[in-house]
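Values reported hereafter were calculated over all heavy atoms of this structure, with side chains retained and with hydrogens, waters and symmetry mates removed. Note that the structure is predicted; figures quoted are calculated from it, not measured.
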Amino acid sequence: MAAAVGVNVFRATNTASIADGVTVTSSGALQVGAAAQGDASTKAYGTAFNFSSETNVAAAVALNKATVENRASIGAGVITAGDILVEAKTTTDESHDFTAWALAGAGADENGAAGAVGINIVDVTTEGSVATGADVWSDGDMDVRAQAETGLQVVAGGAGIGQDTGVGAGVAINNVDQSTRAFIGDADIDVQDDLTIQADAVLKPLSLDIPVLGSMDITSVAAGAGASSGDVGIAGSVVVNNFDLITHAYVAPGAGINQDGAMTPSASQSVLVHASDTTTIKSGAGALGVSTDGAGVGAGLDLAIIDKDTRAYIGSHVQLHATGDVTVEAVSREDILSVSANIGAGDSAGVAGSASVQVVRTGTRGYVEPSPAPGTPTAIQAGGNVRITAQGDLKAKQIAGSVGVASSAGVGAANTTLVHRDTVEASIGEGTIVTSAGSAGLLVQAHSTEDILSIAAAGAGASSAAVAGSAVVNVLEETTRAFAGRNTNLTADNGAASGQPDLVFEAQDDTTIVSVAGSLAGAGTAAVGLGADVGVITKQTTAFIDSGVTAYAEGDIMVLADDTEDITSVAAGLSASGSASVALDAAVHTLDITTRAFIGDDPT
């Protein structure tokens, strides 16, 4: 018996701040910066090979548990300077990297069993802020930024060999909470040039050098192998990626931006509130179960649960002025590659099952909060354009394959399942006053895209009976909205010739799906092949100007909603045998699509 355990537990806290009640005056630049990098690497290897022993067992566990807190802030004081930078970030050209490898192997005369578990538990908080009650004057640019970049890799593999029983299993787990926030509280901020409030978050795989294959980016891989010349060879692999990601950039309710009449702004003075979150996942689960005189079983699951909240917004009752552009934008991107491939081969029975399951829940919002009466309504006055946008993009590739072969009975099953619940929303809340004097005017735009490739393939072969089944399941619930709430007051007028600028509210959602479910079964006596491609798609794409709104534009007022679907579906199966063969394949897609553009009360 052999066991290896590697554990890293650490907490890193990094803070740069100007405390409450402090007065700072500088004729030059002022920087409050916090740069941090937290890395952890754990590798555990356990082996127990002795073919003179009856039984050997090996285990390996690699665990990283990390908490990283990085904050930069200006407190409730009086600050006067040239350029001002408040920034919390991952160290330049670096990322928080967490690597856990667990590998185990066991072999014995009769029974060999090995299991490996690799785990990353990561909590990253990054925050750049200006506190409520602060009074800040900048004679140049002012930036409030939070930037976090986190890299992950888990590799877990177990292999067991025995004449009677061989069992191998690998489990790879990533559990990540990442919060990235940049904000200005209920403060008085006056900036001569450009004011930027920006939060950027990245979650990415790390590179792994693999012989023959070269360098590959991997988030998580689990592999199991079980081999036996007797009763049974069993292999299993499980990957779990659980991510909770929050990225916010905002101006808090009640703040005043560029309200001091003593400030002489530059002609291009601007305000940018920006939040972006990019998530890349590359994961795989594989298993090989072989028995030359019994049953071989291989099963694998690649599971991801992703929750994302990405927001850029201006709070209620804010007073904001800029001689140039005002931009509020939120961007969320997910790029997912999931592979599950398994083989079960035996004499009496070969059984293999593969599943890739991805559950993705995302919200991407760029907006101005409602300012219902009583109280001073939010007022945004721009000498340039006003843009309030939200962009959400999903790219997912899922591949599941399994093969079960045996002399007597072979069974293969494969499944890919994607559940995507997504809201992309750009809006101006109730009671808000917005004035634009730019050439483009006021643009409120929500754009969403889904690019999905799903492949499930199963094969089975045996001298007696073979059963192969595959299923692709895609469940999409998409909400894309661009709108102005009740009683808003919207103006796009630059005093130039008529024809521009415009008021534009646009919602657009484009979906592309390629799904393939295939099966192949061959046997001497009976063969059954089953394939199913199932899609349930619900989409609401809406652009509107609500009732009670006062809207004036020298150019056009446009309320646009656009929606597209491009679906390629294949369900195919082949079965062949000496006596009875059955092949049954079906593709079923249910679409509930609602696309609306209107002005006034909701007609429904």
Practice task
Could you grab the distance from atom OG of Ser179 to atom CG of Asp244, nearest 0.5 Å is fine?
Solution key: 9.0 Å

Exercise for the section: Taking atom types as modelled, find out whether Asp277 and Ser332 have a side-chain donor-acceptor pair closer than 3.5 angstrom. Expected result: no

Problem - Exercise: do Ser448 and Glu450 side chains pair donor with acceptor under 3.5 Å - result: yes

Exercise for the section: Could you pull out the closest heavy-atom pair between His589 and Ser569, with the gap in Å? Expected result: CE1-OG, 3.2 Å

Fill in the blank from the handout: Interatomic distance, CD@Glu334 vs OG1@Thr364, rounded to 0.5 Å, equals 6.5 Å

Handout entry: Pair Ser276-Asp200, side-chain donor/acceptor within less than 3.5 Å
Key = yes

Completion exercise
The reported gap from OG1 in Thr219 to CG in Leu152 (rounded to nearest 0.5 angstrom) is 6.5 Å

Handout entry: Glu478 with Arg421: basic N within carboxylate O range, under 4.0 Å
Key = no

Exercise for the section: Please test Ser338 against Asp302 for side-chain hydrogen bond (donor to acceptor under 3.5 Å, both in side chains), starting from the C-alpha separation and ending with a verdict. Expected result: CA-CA 7 Å; Ser338 169; Asp302 183 7; 2.6 Å; yes

Handout entry: Value rounded to 0.5 Å, distance of CG in Leu337 from OG in Ser283
Key = 7.0 Å

Donor-acceptor pairs are to be reported for all side-chain atoms of residues 465-475 against protein atoms at under 3.5 Å, with residues two or more places apart or in another chain.
from   : atom 1 : to     : atom 2 : distance (Å)
Ser470 : OG     : Gly518 : N      : 3.1
Ser470 : OG     : Gly518 : O      : 2.9
Asn474 : OD1    : Ser454 : OG     : 3.4

Practice task
Kindly indicate, with the supporting measurements, whether the criterion side-chain hydrogen bond (donor to acceptor under 3.5 Å, both in side chains) is fulfilled by Thr126 and Asn70.
Solution key: CA-CA 5 Å; Thr126 308; Asn70 191 32; 5.1 Å; no

Please tabulate, for the side chains in residues 1-10, all donor-acceptor contacts under 3.5 angstrom to protein atoms that are two or more places apart in sequence or on a different chain.
from : atom 1 : to    : atom 2 : distance (Å)
Asn8 : ND2    : Ser41 : O      : 3.0
Asn8 : ND2    : Thr42 : OG1    : 2.8
Asn8 : ND2    : Asn64 : OD1    : 3.3

Practice task
Check whether any side-chain N or O of Glu329 sits under 3.5 Å from a backbone N or O of His274 as a donor-acceptor pair, and report yes or no.
Solution key: no

Handout entry: Closest non-hydrogen atom pair between Gly573 and Ala583, with its separation
Key = O-CB, 4.1 Å

Problem - By side-chain hydrogen bond (donor to acceptor under 3.5 Å, both in side chains) - contacts of Thr99 (at least two apart) - result: none

Practice task
Could you walk me through whether Asp510 and Thr512 pass the side-chain contact (heavy atoms from CB on, under 4.5 Å) test, one step at a time?
Solution key: CA-CA 7 Å; Asp510 299 312; Thr512 301; 5.9 Å; no

Handout entry: Test item: Ser291 side-chain N/O and Gly230 main-chain N/O as donor-acceptor pair under 3.5 Å
Key = yes

Problem - Residue pair Ser229 / Asp293, side-chain donor-acceptor N/O under 3.5 Å - result: no

Exercise for the section: Give a yes or no on whether the backbone of Ile399 and the side-chain of Thr416 come within a donor-acceptor separation of less than 3.5 Å. Expected result: no

Problem - Expected output: side-chain Glu477 to main-chain His420 donor-acceptor under 3.5 Å - result: no

With a cut-off of 3.5 Å and sequence neighbours excluded, list every side-chain donor-acceptor pair involving residues 203-218.
from   : atom 1 : to     : atom 2 : distance (Å)
Lys204 : NZ     : Glu149 : OE2    : 2.8
Ser207 : OG     : Ser215 : OG     : 2.5

Problem - Atom pair NZ (Lys282) and OG1 (Thr280), whose distance is rounded to the nearest 0.5 Å - result: 7.5 Å

Practice task
Mind checking side-chain contact (heavy atoms from CB on, under 4.5 Å) for Ala304 and listing every partner two or more places apart, or none if nothing turns up?
Solution key: Asn241, Ile306, Gln358

Practice task
Assess the side chains of Lys539 and Thr511: does a donor N or O sit below 3.5 Å from an acceptor N or O?
Solution key: yes

Handout entry: Backbone N/O of Gly162 and side chain of Ser228: donor-acceptor pair under 3.5 Å
Key = yes

Problem - Any pair counted as side chain to side chain donor-acceptor pair (under 3.5 Å), so long as it reaches residues 45-60, sequence neighbours left out - result: Asn50-Ser53, Thr55-Asn111

Exercise for the section: Could you go through the side-chain contact (heavy atoms from CB on, under 4.5 Å) check for Ile121 and Ile119 one step at a time? Expected result: CA-CA 6 Å; Ile121 302 174; Ile119 304 173; 3.7 Å; yes

Exercise for the section: Taking Asn14 for its side chain and Ala35 for its backbone only, find out whether a donor-acceptor pair lies under 3.5 Å. Expected result: yes

Handout entry: Donor-acceptor under 3.5 Å (Asn120 side chain, Phe98 main chain)
Key = yes

Practice task
Would you check, one step at a time, whether the test side-chain hydrogen bond (donor to acceptor under 3.5 Å, both in side chains) holds for Thr417 with Asn415?
Solution key: CA-CA 7 Å; Thr417 297; Asn415 165 253; 3.0 Å; yes

Handout entry: Shortest non-hydrogen contact between Ala235 and Gly226, atoms and distance
Key = CB-N, 3.6 Å

Practice task
Decide, yes or no, whether a salt bridge links Arg311 with Asp309 under the criterion of side-chain N to carboxylate O below 4.0 Å.
Solution key: yes

Exercise for the section: Check whether any side-chain N or O of His96 sits under 3.5 Å from a backbone N or O of Gly38 as a donor-acceptor pair, and report yes or no. Expected result: yes

Problem - Derivation and outcome, side-chain hydrogen bond (donor to acceptor under 3.5 Å, both in side chains), residues Asn342 and Ser354 - result: CA-CA 6 Å; Asn342 304 278; Ser354 303; 2.5 Å; yes

Problem - Residue pair Glu110, Gln163: steps toward the side-chain contact (heavy atoms from CB on, under 4.5 Å) verdict - result: CA-CA 5 Å; Glu110 295 186 8; Gln163 291 192 47; 5.6 Å; no

Exercise for the section: Answer yes when Arg481 and Glu425 have at least one side-chain N-carboxylate O distance shorter than 4.0 Å, and no when they do not. Expected result: yes

Handout entry: CD1 on Ile452 to CD1 on Ile567, rounded to 0.5 Å
Key = 9.0 Å

Handout entry: Side-chain donor-acceptor contact under 3.5 Å, Gln37 with Glu94
Key = yes

